[in-house]
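Here is how names work: the chains are called A, B, and so on, in the same order as the sequence lines, proteins then strands, and each is numbered from 1. Not measured: the values here are computed from a predicted model. Computation of the quantities below employed the complete heavy-atom set of this structure, encompassing side-chain atoms and omitting hydrogens, waters and symmetry-equivalent molecules.
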Amino acid sequence: MSLTRTHTCGALTESDAGEKVTLNGWVAVRRDLGGVIFIDLRDRYGVTQIVFDQENETLHKKAEQLRTEYVIGVKGIVRKRGEENINPEMKTGTIEVVAHELEIYSEAETTPFEIKDGIETNEDTRLKYRYLDLRRPKIQQNLMMRSDFNQSVRAYFYDHDFTEVETPFLMKSTPEGARDYLVPSRVNAGKFFALPQSPQTYKQLLMVSGFDRYFQIVKCFRDEDLRADRQPEFTQIDVEMSFVNEDDVLDMTEGLMKKIMHDVKGIDIDIPFARMTYDEALQTYGTDKPDTRFGLPIVNFSEIVEESEFKIFSRTVADGGAVLGIKVPGQGDMGRGAIDRLTERVQRETGAAGLIYIKLNEQDGIKCSVEKFLKEETVTAMVEKAEAEQGDLVLILAGPDPQVYKQMGTLRLMMGEEHDLIDQSTYNFLWVTDFPLVEWDSDEHRYHALHHPFTAPKPEDVEKMDDDPAEVRSRAYDLVLNGYEIGGGSIRINQREQQKQMFDLLGIDSEEAQERFGFLLDAFKYGVPPHGGIALGVDRIVMILAGGTSLRDVIAFPKNKNAQSTMDGSPAEVDKEQLDELHIRLKNTLTNN
RNA sequence: GGUCCGGUAGUUCAGCUGGUUAGAACGCCUGCCUGUCACGCAGGAGGUCGCGAGUUCGAAUCUCGUCCGGAUCGCCA
C-alpha cells in the first residue's frame, strides 16, 4: 500500500485546486479518448474524475490497462475544470485530479451486473453477489443512514437515563406465538434453546430488578414465511419502563421518533401523533395499520340496504355481515373493461365474491351495476352517504364481518396506489390503541393473545374477562407509519393473580404456565413495579426513511424469500459428527454424510 | 402448503399461431480517437432457449413431468 489516501472521492472542491492529493477507490467508469483517459473513481463517499493525459507516456500506458472495478491508488494535482467542462450532476463536478502516479492494487473480473444505481437485475442475482450489490451508492447510503439511525437512538435514550442491557440469544422456547428458531444443546442432550422472538420476558425481569428505564437495539428471530417487509431475523429497538402509564411510553416514543426524523432526515415532525382506536381503524380503513396519507374512508351501507330486495345485500346484513363502499373521486367514467379487470383483481387478491359499483358521470347520470335489483332511492341514499358527486365512482363489497372490512381495506390501498392519491413526501405517524385483549382461534378452539400474554387488560374491562373475553380491550398500542406497523407495545400485567387469570383465559393451565413462564411468575412474588414498553422495528423504519419497499435494501446481508442466503449457501447440511455431538438423528427421508 | 405468473447471451428482455444460421439493448474484448462524464466510431466474442420425456419430417415455440424464481393467500402471540 504505497499510495495512502489524503482525501476521499467525495471531498474535493474548487478550494482544493492546486493541492497534491492521493485517492483510493474503485474504477466506476473508464472513458478512453485515445490521447486522454478519464476515470471516475468511486468510494463510499462519492466519485471523482481522474485525468491521464499523454504528457507522461509510461503513466498513460499503465492507465490504458484500467478496467471497471479495478482497485487503484492515484496521486495527482487537483485542477479546477474549465467552465465548459463542469459537470453539474456531480458533487465534485467542478474539479478533476490530474494523475501523476498510479498503482493498481487489484484487477477485477467483469462483474455479473453493473455497479450503479437503477439497475434492474434480479434480486436473486444481486443477493448471490451481495458484496457487489453493496457497492452500489444507493445501498451504501441506506446502510450509512441506518448507522446514523442507531447513533440517534442511542443518544436519545442515553440522554433520558435509559440503561442499555444485552439479553441472551440462547433462551427458552415459548410455543405461544410465532415459530421459534431452535438451537440444540451439546452439553445437555436432547434439550434445545430457542432464539428470541423478542426479549419480552427478560425486559420484564429487568423491571423487577429495578432497571426502570431499559432499552436495547437487538436482533430477534421468527421462523415464519417471509414477505417483502418480513425477514426471519430482524432488529428491534426494545424499550421497557417502570412506574408508567400508556401516555408515558407514547410520549417517550414520540420524542424518539422526532429526534430520529430530525437527525436522519432533517425533518421536523409534529408531536403528539394522531391516535385512533382499533375499532375505528378497522371500520374506517379496514386494517389495524391504516395508511392515513390519503382519504377514501370506508362507508357503511348496511343500514341502507338491510331491507333491500337485492338478496346479496339483505342476506349479507341479516347474516351479520356488512355492505361497505368507498368513493373514488374522479373515476366516474371508468370503462367497462377497466372495471372488469378491477373486479377480477379484487376477487383474486382479496377473496371477495364480487365487486359492485355506482358510477356518476355526465353520460349515464347515476349508473349502478345492480340497479335493476335496487330501488332508485336506495342507490340515491348510498350516493348521498358516500358523499359522491358528479364524476365519482363508488365501489361496493358485501360479505361477512370482519373479512369484508379487510377486503375493503385492500381495495382502498389499490385505489390509492393506482390513482396516485398517496403523497409520497409525507410521514404519517399514527397510534392505534384499544386493541382487543384476545381473539378467538376457530382452528384451535381457544383464545389467543392478540399482542402477547403479558399485556394488561383495561381496568374498566377486567370484569368481562370471565364471561365475555372477546370484548375486553387491552392496554396495547401500535405505532403505524405510512401503512406499516413499525412498533407495538403495552402496559404489562404486574400482578401474579391477573397473570394467572390471563393464562387461564388462553387455555394454559397452571402447571403449563409454571413450566413455561414460572420464572416470571416467581419473580412477580418479590415486588414488581407497574411497567410497560414498546418494541420498534428498525428495519422497517429505516426502509421507509430510505424510500424503499423492501427490507432487503436496508439489511447488509438479508435472506431471500425462502429464508436462505444464496451467497454463503446457508442453511446447509452438516457433518454426521456434528449431529452426533448434538444427539440429533435426521429422519430417514433426509440424508447427511 | 394453495393459487397465479415466469425461466432465452454476463444483465434486462424480444422471439412462442412449430420451419433458413435464435435477435436487440447494455455490458465485455480489439482497433481508432486529446475534454469526456450514458464519450463516440468501426469490428468481434459470447447461447445445454432451466432440466427430462413426449407429439412431429422438424420444437425456444405444442403436451406432460420436474427443478428453480417471483407475486399473493395461509402463517407472522
Side-chain angles (χ1 to χ4, degrees), chain A residues 28-41 47-55 60 64 67-69 79 81-90 92-93 96 98 108-129 132 174-180 197-198 200-201 220-232 234 344-345 347-351 403 406-407 410 435-439 441 443-444 446-455 474 476 485 488 490 502-503 506 508 516-517 535 537 550 560-564 566:
Chain A
V29 188
R30 164 184 69 112
R31 290 180 294 275
D32 184 350
L33 275 63
V36 60
I37 298 171
F38 297 100
I39 295 292
D40 284 349
L41 191 65
V47 174
T48 299
Q49 174 164 286
I50 314 292
V51 189
F52 296 90
D53 54 33
Q54 259 175 335
E55 278 174 35
H60 187 267
E64 279 181 343
R67 293 293 179 271
T68 311
E69 300 309 314
R79 181 165 70 193
R81 295 199 200 180
E83 202 62 43
E84 66 285 1
N85 287 324
I86 287 175
N87 183 347
E89 304 291 313
M90 273 170 93
T92 60
E96 60 195 4
V98 184
E109 287 184 15
T110 305
T111 50
F113 48 84
E114 294 172 67
I115 312 299
K116 60 182 185 187
D117 287 338
I119 55 171
E120 283 173 17
T121 305
N122 263 304
E123 198 164 50
D124 205 39
T125 311
R126 285 169 42 203
L127 287 181
K128 175 151 189 201
Y129 300 95
L132 297 179
T174 55
E176 192 81 4
R179 204 173 285 118
D180 282 327
Q197 296 172 26
S198 84
Q200 185 61 37
T201 47
C220 302
F221 306 86
R222 289 176 192 180
D223 189 4
E224 295 292 349
D225 286 357
L226 283 71
R227 288 286 186 277
D229 64 350
R230 231 159 63 194
Q231 281 273 311
F234 57 98
E344 236 173 80
R345 187 174 163 209
Q347 288 171 325
R348 192 174 60 239
E349 291 183 23
T350 74
Q403 288 91 324
K406 207 183 156 196
Q407 290 160 358
T410 308
F435 281 80
L437 184 68
V438 294
E439 193 175 49
D441 185 329
D443 291 335
E444 292 185 36
R446 66 182 194 94
Y447 287 102
H448 73 244
L450 207 72
H451 196 60
H452 57 55
F454 314 108
T455 297
S474 72
E485 181 198 327
S490 63
M502 183 67 183
F503 286 143
L506 298 175
I508 304 170
R516 283 202 218 160
F517 303 112
S550 171
N560 71 9
K561 208 177 112 109
N562 297 321
Q564 301 159 337
T566 48

[N] [atom2] sits how many Å from [X] [atom1], rounded?
X: A:D53; N: B:U36; atom1: CG; atom2: P; result: 15 Å
X: A:N122; N: B:G69; atom1: CG; atom2: C1'; result: 8 Å
X: A:K116; N: B:G10; atom1: NZ; atom2: C1'; result: 14 Å
X: A:I115; N: B:C28; atom1: CD1; atom2: P; result: 12 Å
X: A:H60; N: B:U34; atom1: NE2; atom2: C1'; result: 8 Å
X: A:I86; N: B:G35; atom1: CD1; atom2: P; result: 18 Å
X: A:Y129; N: B:G27; atom1: OH; atom2: P; result: 20 Å
X: A:R126; N: B:U12; atom1: CZ; atom2: C1'; result: 13 Å

**Request:** Indicate whether OP1 or OP2 belonging to B:U36 is found under 4.0 Å from a side-chain N or O atom of A:R31.
**Result:** no
**Message:** Please determine whether a side-chain nitrogen or oxygen atom of A:N85 lies at a distance below 4.0 Å from atom OP1 or OP2 of B:C37.
**Reply:**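 No, no such contact exists.
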The side chain of [X] is closest to which nucleotide in this list: [options]?
X: A:R81; options: B:C39, B:C37, B:C26; value: B:C37
X: A:P112; options: B:C37, B:G10, B:U12; value: B:G10
X: A:T68; options: B:C28, B:U11, B:G27; value: B:C28

May I ask you to say what [X] touches in the nucleic acid, namely base, sugar-phosphate or nothing, with a heavy-atom cut-off under 4.0 Å?
X: A:E120; result: sugar-phosphate
X: A:E69; result: nothing
X: A:R79; result: base
X: A:F113; result: nothing

**Item:** Helical stems, RNA chain B - three or more consecutive Watson-Crick or G-U wobble pairs below 3.5 Å
**Value:**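 So the stems come out as B:1-7 with B:67-73, B:10-13 with B:23-26, B:28-32 with B:40-44, B:50-54 with B:62-66.
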**Complete:** Going 5' to 3' through nucleotides 70-77 of chain B and flagging B where a protein heavy-atom sits under 4.0 Å of the base, S where only the sugar-phosphate is that close, and - otherwise, we get SBBBBBBB
